Amino acid sequence: MVKSQEELVNFSKQYGFIFQGSEIYGGLANTWDYGPLGSRLKNAVKDAWRKRFIEERLNAYELDADILMHPKVWEASGHVGSFSDPLVDCKHCKTRHRADNLVDDFNPDAHADGMTQEELMTYIRENNVPCPKCGKSDFTDIRQFNLMFQTYRGVTNDSKNVVYLRPENAQGEYVNFLNVQRAMRCKLPFSIGQIGKAFRNEITPGNFTFRTIEFEQMEYQTFCKNGEDEELYNFFKEYGKKFFVDLGLPEEKLRYHDHEKLAHYAKQACDIEYLFNFGWGEINGTHNRTDFDLTRHTEYSGTSMSYLDPETNEKFIPYIIESTYGLDRTVLALLDNAYTNETLENGEERLVLKLKPFLAPYKVAVLPLIKKVHGEKAMEIANELSKHFMVTYDETANIGKRYRREDAIGTPWCLTVDDETLNNGTVTLRDRDTMQQITLKLDEVKDYIKDRLEFN
């Protein structure tokens with residue numbers, strides 16, 4: 001685990017995981033671009049989520065809904081009227097802060113997400129919560145700031161043509177409930193999942209990619225009958241935690257945070273939090289949303305969102321169990337946890353990114369021992385293996401330095417091509433974590449690696 005966020009930011013830039021957005025223009029605050037390795041890591045997490053939540057679950061279907069939706073969707077969801085941040089200004093240095101973030105940064109166990117506006121201000125004043133910039137504790141009263149980005153459809157800035165960048169993916173699943181149910185002939189309970197971008201006009205984003213204005217979610221909505229909801233809610237709490245553990249996050253760095261005060265639509269709500277270098281942070285939210293969402297869309301659209309039970313002929317509006325996974329936050333947690341500085345027996349230091357093999361951007365690095373002698377054969381091997389998984393090729397510097405470069409970016413295996421390869425068709429395969437080396441025949445390499453890339 002990294003010691004500081006700055007250390008992780010520098011590492012991510014140096015090795016091609018994450019870059020500052022628009023950096024050559026001085027950057028745009030809290031926008032980040034995923035580099036070659038970051039993109040591969042992010043896609044590997046998506047693949048794992050699809051396998052676990054779509055492929056391995058019967059009656060689960062993936063959706064790809066548009067970012068721009070009819071503006072009435074956001075009226076029905078409540079976002080137009082009440083989706084806002086509680087903001088305060090420091091009277092001394094004039095900086096602006098989210099009141100809930102001030103409280104959580106001051107005392108993470110306070111759980112500001114459950115506090116009303118009045119409770120937030122009372123806590124800040126009674127505990128003399130300081131301004132992060134100047135250290136004073138003298139703030140204005142809270143003002144609400146709507147978080148949705150709005151734009152205009154058409155050629156003129158006519159308010160009738162206002163549309164919004166979606167602040168969450170879930171509404172795309174809700175408005176397509178009937179379409180998916182009819183097209184796939186679904187019976188309850190069934191699930192709709194979606195991976196996609198969402199946008200929030202955060203005034204005080206921060207902690208690298210943890211809180212940004214543009215982010216990606218892995219959404220999962222399970223539609224069920226009232227009475228089956230609590231069992232499914234508890235199931236997905238456990239299912240979500242197991243997903244993170246199977247990705248490689250240690251169980252001791254994960255915890256549940258059950259909401260004491262619930263949103264108006266929720267019957268039950270729980271976050272899964274990960275212990276980052278900056279403290280506990282939410283990476284998943286699981287909610288029992290009851291029949292609120294489909295009822296609201298029925299009211300605002302005039303289209304009935306009810307379900308006809310084929311066995312009882314009963315008509316009702318389904319309950320929804322939502323389980324949302326922050327993709328960017330998951331990637332950040334994986335980098336945070338995998339980043340390891342080791343002291344070897346000889347006193348030498350090495351940086352190693354201990355990602356599970358199925359998540360590693362490159363699965364194997366092909367390294368010719370001597371470029372002039374072994375380079376041609378090594379390139380031939382790299383080209384063949386690249387048909388089956390991601391491969392990198394490196395022929396610069398001595399073999400030890402190349403091993404260290406691959407350790408730092410998390411490559412699980414290094415394949416060295418030497419005289420034995422040319423003479424008898426064997427290669428040396430080095431393990432990233434143990435640094436032990438084994439000898440394999442060339443025709444054994446592909447299956448050896450593929451057998452160890454499964455996400456189970």
Side-chain angles (χ1 to χ4, degrees), residues 1-4 6-19 34-41 44 248 334-386 388-423 425-440 442 445-446 448-449 452-453:
M1 178 172 165
V2 291
K3 296 177 182 177
S4 69
E6 183 181 5
E7 185 178 7
L8 190 56
V9 171
N10 292 336
F11 164 82
S12 297
K13 178 179 179 179
Q14 179 182 353
Y15 288 100
F17 283 91
I18 304 171
F19 306 130
Y34 286 81
L37 300 193
S39 297
R40 289 305 315 156
L41 174 56
L334 289 167
L335 288 173
D336 177 279
N337 181 70
Y339 185 100
T340 307
N341 278 304
E342 286 187 345
T343 301
L344 305 180
E345 291 181 1
N346 61 5
E348 183 184 343
E349 296 278 338
R350 77 158 180 159
L351 171 61
V352 54
L353 197 65
K354 293 191 174 182
L355 295 167
K356 290 283 188 79
F358 65 86
L359 291 175
Y362 294 119
K363 312 308 179 189
V364 64
V366 178
L367 314 175
L369 185 62
I370 302 171
K371 176 183 175 181
K372 291 182 179 179
V373 180
H374 311 113
E376 183 178 349
K377 184 63 176 178
M379 184 61 73
E380 176 189 321
I381 294 169
N383 285 331
E384 179 59 33
L385 291 178
S386 67
H388 307 282
F389 35 74
M390 289 296 295
V391 175
T392 183
Y393 176 87
D394 191 356
E395 59 185 16
T396 59
N398 66 54
I399 198 71
K401 288 184 177 179
R402 282 183 275 170
Y403 284 157
R404 291 291 176 264
R405 281 201 292 259
E406 298 304 326
D407 291 342
I409 63 173
T411 307
W413 297 283
C414 288
L415 184 155
T416 303
V417 177
D418 55 19
D419 288 344
E420 293 300 308
T421 312
L422 303 181
N423 296 332
T426 61
V427 294
T428 301
L429 203 64
R430 172 188 178 269
D431 183 275
R432 176 197 68 200
D433 296 334
T434 66
M435 296 184 291
Q436 293 181 348
Q437 300 183 11
I438 61 172
T439 300
L440 288 177
L442 264 176
V445 172
K446 180 193 73 175
Y448 180 92
I449 293 175
R452 289 158 177 77
L453 293 180

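Note that this is a predicted model, so its numbers are computed, not measured.
- Between the side chain of S39 and the backbone N or O of Y34, at least one donor-acceptor pair lies under 3.5 Å.
- Between the side chains of T396 and R405, at least one donor N or O lies within less than 3.5 Å of an accepting N or O.
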Verdict with reasoning, L344 to M435, per side chain to side chain contact (heavy atoms under 4.5 Å, CB included): CA-CA 11 Å; L344 305 180; M435 296 184 291; 3.5 Å; yes
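- Residues A378 and P368 approach most closely at CB-CB, 3.7 Å, considering heavy atoms.
- Side-chain contact between I399 and R430 is absent, with no heavy atoms from C-beta onward closer than 4.5 Å.
- Here the NE2 atom belonging to H388 is positioned 15.0 Å from the NZ atom belonging to K363, to the nearest 0.5 angstrom.
- Between atom CG of residue L351 and atom NZ of residue K354 there is a gap of 11.0 Å, rounded to the nearest 0.5 Å.
- Within 6.0 Å of CD on E349 lie more than 12 heavy atoms contributed by other residues, nucleotides or ligands.
- More than 12 heavy atoms of other residues, nucleotides or ligands lie within 6.0 Å of CD in E342, so this atom counts as buried by the packing criterion.
- Between N337 and G248, the closest heavy-atom pair is ND2-O, 3.3 Å.
- Smallest separation of non-hydrogen atoms from I409 and F17: O-CZ, 3.9 Å.
- With contacts defined as side-chain heavy-atom distances shorter than 4.5 Å, the pair M379/E376 does not qualify.
- By the 4.5 Å heavy-atom criterion applied to side chains, L41 and L359 are counted as neighbours.
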Intermediate values then yes/no, side chain to side chain contact (heavy atoms under 4.5 Å, CB included), T428 and E420: CA-CA 9 Å; T428 301; E420 293 300 308; over 6 Å; no
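- One N or O on the side chain of R432 and one on the backbone of L355 form a donor-acceptor pair closer than 3.5 Å.
- Side-chain contact between D419 and V373 is present, with heavy atoms from C-beta onward closer than 4.5 Å.
- More than 12 non-hydrogen atoms from other residues, nucleotides or ligands lie less than 6.0 angstrom from CD of Q437.
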Stepwise salt bridge (charged side-chain N to carboxylate O under 4.0 Å, His left out) test for D394 and R402: CA-CA 7 Å; D394 191 356; R402 282 183 275 170; 5.1 Å; no
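- In this structure, I18 and L335 have side chains that are in contact, with non-hydrogen atoms separated by less than 4.5 Å.
- For T426 against D418, the heavy-atom pair with the smallest separation is O-OD1, 4.3 Å.
- Under the 4.5 Å side-chain criterion, counting only non-hydrogen atoms from C-beta, L353 is in contact with F11.
- We find the CD1-CZ distance between I449 and F389 to be 4.0 Å, quoted to the nearest 0.5 Å.
- Here E348 contributes atom CD and T343 contributes atom OG1; the two are 10.0 Å apart, rounded to the nearest 0.5 Å.
- At least one side-chain heavy atom of H374 sits under 4.5 Å from a side-chain heavy atom of L422.
- The nearest pair of heavy atoms linking P357 to R452 is CB-O, 3.7 Å.
- Atom CG in N383 sits 9.5 Å away from atom OH in Y393 (nearest 0.5 Å).
- Using a 4.5 Å cut-off on side-chain heavy atoms (C-beta onward), V445 and V364 make no contact.
- A donor-acceptor contact shorter than 3.5 Å links the side chain of T340 to the backbone of A338.
- Ring orientation note: the planes of W413 and Y448 are nearly perpendicular, at an angle over 60° on the 30°/60° scale.
- For the residue pair T416 / Y403, a side-chain donor-acceptor distance below 3.5 Å is found, with atom types taken as modelled.
- Note that CZ of R404 is 10.0 Å distant from CG of N398, once rounded to the nearest 0.5 Å.
- Closest heavy-atom contact between D431 and D433: OD1-N, 2.9 Å.
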Side chain to side chain contact (heavy atoms under 4.5 Å, CB included) assessment of K377 paired with E380: CA-CA 5 Å; K377 184 63 176 178; E380 176 189 321; 3.2 Å; yes
